[in-house]
Amino acid sequence: MEKFIIGNWKMNGTQSLIKTMVESLHKTIEQNSPNAQVVICPPFPYLGLLQKTIEGTAVKAGAQNVYYELSGAYTGEISVNMLTEWGSTYCIIGHSERRSYFGETDELVQKKAVVLLENNITPVICVGETLDQRESGAHEATVVGQLTKALDGISASDLARCIIAYEPVWAIGTGKTASDEQANDMHKVARGKLAELTDESTAKNIPILYGGSVNAKNAASLLSQSDIDGSLVGGASLKPDDFCTIVTSAP
Ligand code: 13P
């Protein structure tokens with residue numbers, strides 16, 4: 001399966017980084033034909049520029065959030081129609097930073113997933129346990145619970161159009177990556193849940209990405225694990241050389 005390498009810029013970046021990043025990625029993709037779909041998710045104000053800059057390249061654009069209503073009096077929010085107009089074909093939802101700083105719940109994530117699917121934008125649904133949950137042995141139940149609620153009521157054929165990102169909170173921005181085995185084991189747990197909600201062969205084809213301190217050095221071994229179908233990259237997606245190395249690490 002083609003891997004997904006998705007850069008989540010969070011609240012970082014500039015217009016000039018959009019240009020240098022796309023230029024570097026375009027060159028890398030032309031020269032190496034990596035086995036990866038590359039997506040950049042910058043802050044909202046850069047999506048228009050990103051849309052223009054990726055024209056004629058294989059790079060795709062994504063957003064970091066969306067609201068589930070289509071328009072109206074929702075000050076500060078962004079609708080799925082706006083994402084479509086800006087050429088975003090992917091959207092991250094349920095990131096742990098949105099859950100912890102902005103009160104995003106599994107129920108809200110579910111509503112966002114539904115509206116994205118209805119509008120043909122691929123939801124990148126983030127799940128992952130905190131350090132406390134891992135240390136108390138609740139990591140598997142936490143992730144299964146998040147998936148159960150976020151995917152509630154979504155049909156098997158719609159589920160087949162989703163991307164799941166497993167991001168253990170303790171590994172995000174900490175330099176502490178989950179080991180290859182820890183990550184792969186959790187991906188198997190997530191895939192088991194997806195198989196329950198769909199069937200074995202559908203679940204096999206739903207990309208499950210790992211995120212949490214992925215860098216130019218550890219990407220290759222993470223990406224070679226049986227159940228890791230790509231990376232959701234934070235800090236290293238702001239550095240063109242490092243991000244390009246991650247892209248070419250896809251086996
Ligand atoms: P870092 O790669 O900076 O740890 O961030 C991971 C992440 O949260 C991507 O969504």
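Note that these values count all heavy atoms, side chains included, but never hydrogens, waters or copies made by symmetry. Only a predicted model underlies this, so the values are computations on that prediction, with no experimental measurement involved. Whatever order the structure lists them in is the order used to number ligands and atoms, beginning at 1.
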Check your understanding: Nearest to atom 7 (C) of ligand 1, what protein heavy atom do you find, and at what distance?
Key -> Glu167 OE2, 3.1 Å

**Study point:** Gly173 neighbourhood, listing ligand 1 atoms whose heavy-atom distance to it stays under 4.0 Å
**Key:** 1 (P), 3 (O), 4 (O)

Practice item. Go through the side-chain N and O atoms of Asp180 and Ser221 and say whether any donor and acceptor fall under 3.5 Å apart. Key: yes

Point to revise | Trace of the salt bridge (charged side-chain N to carboxylate O under 4.0 Å, His left out) decision for Arg161 with Asp158 | key: CA-CA 5 Å; Arg161 302 192 286 129; Asp158 277 346; 2.8 Å; yes

Exercise for review: Tell me, with the steps shown, if Ile92 and Asn65 meet side-chain contact (heavy atoms from CB on, under 4.5 Å).
Suggested key: CA-CA 6 Å; Ile92 298 169; Asn65 188 23; over 6 Å; no

Study note, to complete from the structure: Near His95 (heavy-atom distance under 4.0 Å), the atoms of ligand 1 are 7 (C), 8 (O), 9 (C), 10 (O)

Point to revise | Ile172 N/O to ligand 1 N/O under 3.5 Å | key: no

Study note, to complete from the structure: Note: ligand 1 atoms sitting under 4.0 Å from heavy atoms of Gly212 are 4 (O), 6 (C)

Check your understanding: Between Asn218 and Thr177, does a side-chain hydrogen bond (donor to acceptor under 3.5 Å, both in side chains) hold up when you go through it step by step?
Key -> CA-CA 8 Å; Asn218 60 25; Thr177 322; 3.1 Å; yes

Study note, to complete from the structure: So for Leu232 against ligand 1, with non-hydrogen atoms under 4.0 Å, the contacting part is both

Point to revise | Sole residue of Phe102, Tyr74, Phe44 in ring pair (Phe, Tyr, Trp, His ring centres under 6.0 Å) with Tyr67 | key: Tyr74

Exercise for review: For the residue pair Leu116 and Val80, establish whether any side-chain heavy-atom pair is separated by less than 4.5 Å.
Suggested key: yes

Exercise for review: Provide the number and element of each atom of ligand 1 under 4.0 Å from a heavy atom of Ala171.
Suggested key: 4 (O)

Point to revise | Single-linkage hydrophobic cluster Val143~Ile228, side-chain heavy atoms < 4.5 angstrom | key: yes

Check your understanding: atom 1 (P) of ligand 1: which of Cys126, Ala165, Ser213, Gly128 has the nearest heavy atom?
Key -> Ser213

Check your understanding: So which heavy atom in the protein is nearest atom 3 (O) of ligand 1, and how far is it from that ligand atom?
Key -> Gly235 N, 2.9 Å

**Study point:** Proximity flag Ala236 to ligand 1, non-hydrogen atoms under 4.0 Å
**Key:** no

**Study point:** Distance from atom 2 (O) of ligand 1 to nearest protein heavy atom, with residue and atom
**Key:** Gly234 N, 2.9 Å

Exercise for review: Specify the protein heavy atom at minimum distance from atom 5 (O) of ligand 1: its residue, its atom name, and the distance to 0.1 Å.
Suggested key: Lys10 NZ, 3.2 Å

Practice item. Quick one: pull up NE2 in His26 and SG in Cys244 and give me the separation to the nearest 0.5 Å. Key: 12.0 Å

Review point. Do any N/O atoms on Val233 end up under 3.5 angstrom from N/O atoms on ligand 1?
Key: no

Study note, to complete from the structure: Here the atoms of ligand 1 under 4.0 Å from any heavy atom belonging to Asn8 are 9 (C), 10 (O)

Review point. Of all residues at least two apart in sequence or in a different chain, which pass the side chain to side chain contact (heavy atoms under 4.5 Å, CB included) check with Ala195?
Key: Glu200, Ala203

